[in-house]
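Residue numbering restarts at 1 for every chain, and letters A, B, ... go by the order of the sequence lines. What you see below is based on every heavy atom in this structure, not just the backbone, and it leaves out hydrogens, waters and symmetry mates.
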Protein chains: 2
Amino acid sequence: MSRVIRIAAAQMGPIPKREARAETLCRLIALLEKAAERGAKLAVFPELALTTFFPRWLMDGDILDSYFEYSMPNPNVQPLFDRAKELGIGFYIGYAEMSPEGQRFNSSILVSPEGEIIGKYRKVHLPGSVEPREGALYQQLEKRYFEYGDMGFPVTHAGPSLDEAIIGMLICNDRRWPEAWRCLAMQGMELLCVGYNSAAYDPNGGDTESAELRTFHAQLVVQANAYMNACWAVAVAKAGSEDGSGLIGGSCIVDPNGCIVVETKTLEDEVIVADCDLDLCQQGKSKMFNFEAHRRPQWYSLITEQTGVVIRK
Amino acid sequence: MSRVIRIAAAQMGPIPKREARAETLCRLIALLEKAAERGAKLAVFPELALTTFFPRWLMDGDILDSYFEYSMPNPNVQPLFDRAKELGIGFYIGYAEMSPEGQRFNSSILVSPEGEIIGKYRKVHLPGSVEPREGALYQQLEKRYFEYGDMGFPVTHAGPSLDEAIIGMLICNDRRWPEAWRCLAMQGMELLCVGYNSAAYDPNGGDTESAELRTFHAQLVVQANAYMNACWAVAVAKAGSEDGSGLIGGSCIVDPNGCIVVETKTLEDEVIVADCDLDLCQQGKSKMFNFEAHRRPQWYSLITEQTGVVIRK
């Protein structure tokens, strides 16, 4: 038996602050069409795929609010939903969410090839700070602009058009936290989708980590966590120099062995596809990573009982 | 400031069943001397470094018991302890432990350069099965011969001769379980030592995973978990064809960026060394992996509340 879904990673180049929302939507639709042309049933877009990565600036009021979606879909994004349904392709997309209660989240949704929203996730691992770093040209203010995700790590049971895949979503920094992957895998996850905006260098001039090292880190965590959780993973960048701040590319589709099947070659809008056989997860899930047979949760309590490091000498 | 320890990974080639214990001890001492010659203050030996990997055979009674150490040190291994103390080099070594209460564990100890046992660990993640696989030429009977480790994941605070490193130990299969690394990192671990005996192929003739893929897996999990826990890691194989059953090599020393600093080139007795600056852990521990600032344990409960996968549709 095999359950093969052709999946596209739809990497985006930078979305400059000045780019009109309609123009960004055209780019998303063009990527979607390329993915569909190549036979994909699911396209994965980046984190905050409708706007520039605005947490790099200090702002408030109407300007800040203008980066958020007040409902999903909404008239600004409806053409993307319509085109996807027409093409019979599902998608993952990240966006800034304003909830009906006025809460802000860094969110993603999963839309089926039939055009229904079948999954929703709110980013749990927010990097950055609440207070701006004084004198810095660029900020990382996710902890200021977003509340911590309040949904935990839900999986989506997709329908027959996606081979009844069990799909998990993460957003950017989440992928570096093995706890997030594990919580999804405890629910049988077969496919992990994650979009990201990850700095290629310190835009304020630090030089501790090169773009090459940062791309290596980004791929390493996806490869190892895919292997250790016996699932497919699709990791998709917003890449390139966005308003003077560099973002890594390195979007990739990774198999349950942790091997990169295909990866992007540019820092621009680029579609890559792979045939992902969900049944390949069974080798890991039934043997090496048969959780029921091999996990020993009675010894894992420090993971949930402590937030930070506690040195006990 | 920097806290640099020169560490050796002391890989071993196979230890055939017929090899006399005294001969194996000579090999261990020779490796230790090479490590000390090259200036190492700590040498890391493999899992079950005193014997062949005996869980590959079904046995019982005196024959089984002959593979176990009834105390540590004991007269059979005393020369290794004596020589290490003389050379002023500490070591990690894996062995089969028979406790005073008659319990069997797959264990490791950490010995200081002053010759004191300063750390002890009993393997938590036992692979294999309790019952032998019928008709199989080779077994994997760790679950039959050993009890699950009952000490959790303790760290050792080493003394000044090891730069007061906070050291964690794992054994073989443990390294594929991110929970194990995280429990150690929650206690401030700066250096992880792990010895292993990992099959290079299915000795019973299956062909789902090549030796190359298995070596990739072994290094991938060490690299990613070292990065995600901002620690150094030293992973050391018993390698080569042992009594007709192939074991991978790929011993390596990995920095807190997840990069392999040095790795073995053979499947034989081989020493590699690296200067490990423990203060390099601070970049990760204070920023990207600042647990106190970024972890959200209220959402991690599936990790401790479930052993196996639970599908909730």
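Ranking A:Ser301, A:Gly258, A:Ala180 against chain B, the residue ahead of the rest is A:Gly258, based on heavy-atom pairs under 4.5 Å. The most heavy-atom pairs under 4.5 Å with chain B, out of A:Lys313, A:Glu305, A:Met189, come from A:Lys313. Note on B:Gly152, B:Gly188, B:Pro127: by heavy-atom pairs under 4.5 Å with chain A, the leading option is B:Gly152. When B:His217, B:Lys143, B:Met151 are compared by the number of non-hydrogen pairs under 4.5 Å with chain A, B:His217 comes out ahead. Top candidate by heavy-atom pairs under 4.5 Å with chain B, chosen from A:Glu179, A:Glu292, A:Arg312, is A:Glu179. When each of B:Ala293, B:Cys183, B:Ser129, B:Ala185 is scored by its heavy-atom pairs under 4.5 Å with chain A, the top score falls to B:Cys183. Heavy-atom pairs under 4.5 Å with chain B peak, among A:Trp181, A:Tyr148, A:Phe289, at A:Tyr148. If you tally non-hydrogen atom pairs under 4.5 Å between each of A:Asn257, A:Val221, A:Val124 and chain B, the highest count goes to A:Asn257.
With a 6.0 Å radius and a threshold of 12 heavy atoms from other residues, nucleotides or ligands, A:Glu212 has its CD atom at or below the threshold.
In this structure, chain B has no heavy atom under 4.5 Å from any part of A:Asn229. Heavy atoms of A:Phe153 lying under 4.5 Å from chain B belong exclusively to its side chain. Looking at A:Phe216, the atoms closer than 4.5 Å to chain B (heavy atoms on both sides) all sit in the side chain, from C-beta outward. A:Lys285 does not touch chain B: none of its heavy atoms, backbone or side chain, sits under 4.5 Å away. For B:Ile166, the part sitting under 4.5 Å from any heavy atom of chain A is the side chain, from C-beta outward, and nothing else. In this structure, no portion of B:Lys287 lies under 4.5 Å from any heavy atom of chain A.
Using a 4.5 Å heavy-atom threshold, the side chains of A:Ile311 and B:His157 count as touching. With a 4.5 Å cut-off on side-chain heavy atoms, A:Pro297 and B:Ile303 do not count as touching. Side-chain contact between B:Met288 and A:Asn173: present, with at least one pair of heavy atoms (C-beta onward) separated by less than 4.5 Å. Contact of the B:His125 side chain with the A:Trp299 side chain is not registered, since no non-hydrogen atoms from C-beta on lie closer than 4.5 Å. Looking at A:Glu209 and B:Gln283, their side chains come closer than 4.5 Å, going by heavy atoms from C-beta outward. Taking 4.5 Å as the limit, every side-chain heavy atom of B:Leu220 sits out of range of all side-chain heavy atoms of A:Met228. At a threshold of 4.5 Å between non-hydrogen side-chain atoms, the residues A:Gln306 and B:Phe291 do not count as touching. Taking the side chain as every heavy atom from C-beta outward, A:His294 and B:Trp177 approach each other to under 4.5 Å.
In this structure, B:Leu213 and A:Cys259 approach most closely via the heavy-atom pair CD1-SG, 3.9 Å.
Here the straight-line distance linking atom OG1 of B:Thr304 with atom CG of A:Leu302 works out to 11.0 Å at 0.5 Å rounding.
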